[in-house]
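Here the structure is laid out as structure tokens; the discussion comes afterwards.
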Protein chains: 2
Amino acid sequence: MPDPVLEALERFLRRLLARSSLTAEEQRAILSADCVVLRPAAHRDLVIPGAKVDFSLLVAGGLAGRFDQMADGRRQITALHIPGDMCDLHSVPVPIPGWGITALTNSTIVKVPHSHLRRIAERYPAIADAFWRDTIVDGSVLSKWVSNLGRRSGEARLAHMYCEMGTRMELADLGTRERFDLPLRQAQAADVLGLTAVHVNRLLQGLRRQGLVRTDGPTVFVDDLPQLERIADFDPAYLLLKGKLAPRPPGT
Amino acid sequence: MPDPVLEALERFLRRLLARSSLTAEEQRAILSADCVVLRPAAHRDLVIPGAKVDFSLLVAGGLAGRFDQMADGRRQITALHIPGDMCDLHSVPVPIPGWGITALTNSTIVKVPHSHLRRIAERYPAIADAFWRDTIVDGSVLSKWVSNLGRRSGEARLAHMYCEMGTRMELADLGTRERFDLPLRQAQAADVLGLTAVHVNRLLQGLRRQGLVRTDGPTVFVDDLPQLERIADFDPAYLLLKGKLAPRPPGT
DNA sequence: CGTGGTTTTGATTGTTGTCAAATGGAGTGG
DNA sequence: CCACTCCATTTGACAACAATCAAAACCACG
């Protein structure tokens, strides 16, 4: 049985290498972290907004979300994190995040101590640079989410979420853009999209009726990716992939 | 007549120092940039989405905005930049931004070469760290904008924008939370808030009728800050100020 | 065969968008 | 000093999108 910590760190490293170059020594430094494994159930909050933290959370399995909570308790999810994503790299230099992290489904999460991340970032400038770059990717995605929420219809937002998550899954070797697991409840999708669960349900039925998307439990099948990307107005440039993605969907 | 470049760099340095510590030598390094000054008129786009850049834009006067453009031409502004803000620090490690930068009003903008920023970030790890931190502040604001757009009413969003900009202006010594200049057209505010100009107009009339806000040209007067913050559900923690802000509004 | 969570449906309300036109103010040239 | 123009703000009528409330259907699980 493989070590979940090492596997997760390897995924994280692969994510960094998609956008930065690191020597063998630097790579070893990243993999040498001494971590604790959590197995939170769905809906368990892992970081409370405003609470000081001394670790970052690395997703090893399942799905995690960053969220902001309104005074009346309603939530907005501001980022989705799939295996290999470090949720909270931000908290390394700024240890009091303004947001929370929650497990959206039963997950495996690795706690990586800040002390380790800070040490290797100081020792290896290339690692600090890779962390900075990763933060920028996060910001770029956030910026796209702002424009989605501000300027796109519910249908386009839902389609865009499927396009983005499919692309990220494919990039992380967790599926393809046309078939991937996204274990999100409709109420959680609503918290991502700034809608209500009821409306998400109706929009999803619309996409199904148009033959664009099917779902089977957590699995999403995209049957007409070009059309889905069209109604989503999706352009993956904001994921900063440097051509790491095949231009056309595989298959026909 | 003071040098606008030096003044802008000093403002930028002060912004960094609000969240990071830098030695005298590191501070001198930041101020020693060799820059070009632009004086764009309102509505002039300074960076086109997707175009490679080899400089970052530092606002010296006026107001700049980061934007994303939809296929049909509609825009969403994803960040507002006041004097002292470096719009595009992200582009130092990732020189092809997925977004554009536009002058929202007649502005003074300083072009800072990437070569300089990269050189000082490599030479002084504390500067790289300060840049990373600044990127994190940007991401934190973006994250808050996501939750505003996703989960707050138009009125709350408008109120929140005034709270945020007032706080940032006060922090940058450009005014107070109760009186500051925000030379935004209503149509531009709509692009910030994910609304239409007509609706922004109606919401603004609502805030005025409640005696919360007055405007006089570019100048915003907040007459009832506590109430404005209440309806905005505003908590400045996400600006990562470390108590740099007086807890109560000045005055009565 | 219940049970609890999730999805789906229906009816209705409310916020925000759309379209079109009127008003207002600043600058320009006659 | 007065049209005139341009742009921004304001108003009005109406349509569309999404929220709300309530209940039914579905489904996995014990």
Using a 4.0 Å heavy-atom cut-off across all strands, classify B:Gly194 as base, sugar-phosphate, or nothing.
sugar-phosphate
So, OP1 or OP2 of C:dG5: does either fall under 4.0 Å of a side-chain N or O from A:Gln186?
no
If you compare every side-chain N and O of B:Arg202 against the phosphate oxygens of C:dT18 (OP1, OP2), does one of them come in below 4.0 Å?
no
Take the angle between the ring planes of A:Phe234 and A:His160 and call it parallel below 30°, perpendicular above 60°, tilted in between.
perpendicular
Using a 4.0 Å heavy-atom cut-off across all strands, classify B:Arg152 as base, sugar-phosphate, or nothing.
nothing
Both A:Val200 and B:Leu184 contact DNA chain D. Which one's nearest nucleotide lies toward the 5' end?
B:Leu184
Nearest to the A:Val198 side chain among D:dA18, D:dA8, C:dG10, which nucleotide is it?
C:dG10
Taking 4.0 Å as the cut-off, does a side-chain nitrogen or oxygen of B:Arg151 come that near to OP1 or OP2 on D:dA18?
no
Counting the atoms with a prime plus P, OP1 and OP2 as sugar-phosphate, which does B:Arg157 contact under 4.0 Å by heavy atoms, base, sugar-phosphate, or nothing?
nothing
Within this structure, what is the CG-to-P distance between A:Asp72 and D:dA19, rounded to whole angstrom?
14 Å
In this structure, how many angstroms lie between the P atom of C:dT16 and the CG atom of A:Leu195, rounded?
13 Å
According to the interplanar angle, ranging from 0 to 90°, do the rings of B:Phe180 and B:Tyr162 count as parallel (below 30°), tilted (30 to 60°) or perpendicular (above 60°)?
tilted
For DNA chain C, whose closest nucleotide is more 5', that of A:Gly150 or that of A:Ala187?
A:Ala187
Looking at A:Arg14, I'd like to know if its CZ atom is crowded, meaning that more than 12 non-hydrogen atoms belonging to other residues, nucleotides or ligands lie closer than 6.0 Å.
yes
Report the distance from atom CG of A:Asp191 to atom P of D:dA19, rounded to the nearest whole Å.
11 Å
Would you kindly give the CZ-to-P distance between A:Arg209 and C:dT9, to the nearest whole Å?
9 Å
CZ of B:Arg185 versus P of D:dC6: gap in Å, rounded?
17 Å
Value in whole Å for how far the P atom of D:dA16 lies from NE2 of A:His199
15 Å
Does A:Arg151 use its side chain to pair, donor to acceptor, with the backbone of B:Arg75 at less than 3.5 Å?
yes
When rounded to whole Å, the CG to P distance for the pair A:Leu104 and C:dT6 reads 12 Å
Nearest-angstrom distance from the residue atom CG of A:Leu193 to P of D:dC17
17 Å
Flag yes if more than 12 heavy atoms outside B:Arg74 fall under 6.0 Å of its CZ atom; otherwise flag no.
yes
Of the options D:dT20, D:dT11, D:dA8, whose atoms approach the side-chain atoms of B:Gln205 most closely?
D:dT11
Can you check whether B:Asn201 has a side-chain N or O nearer than 4.0 Å to OP1 or OP2 of D:dT9?
no
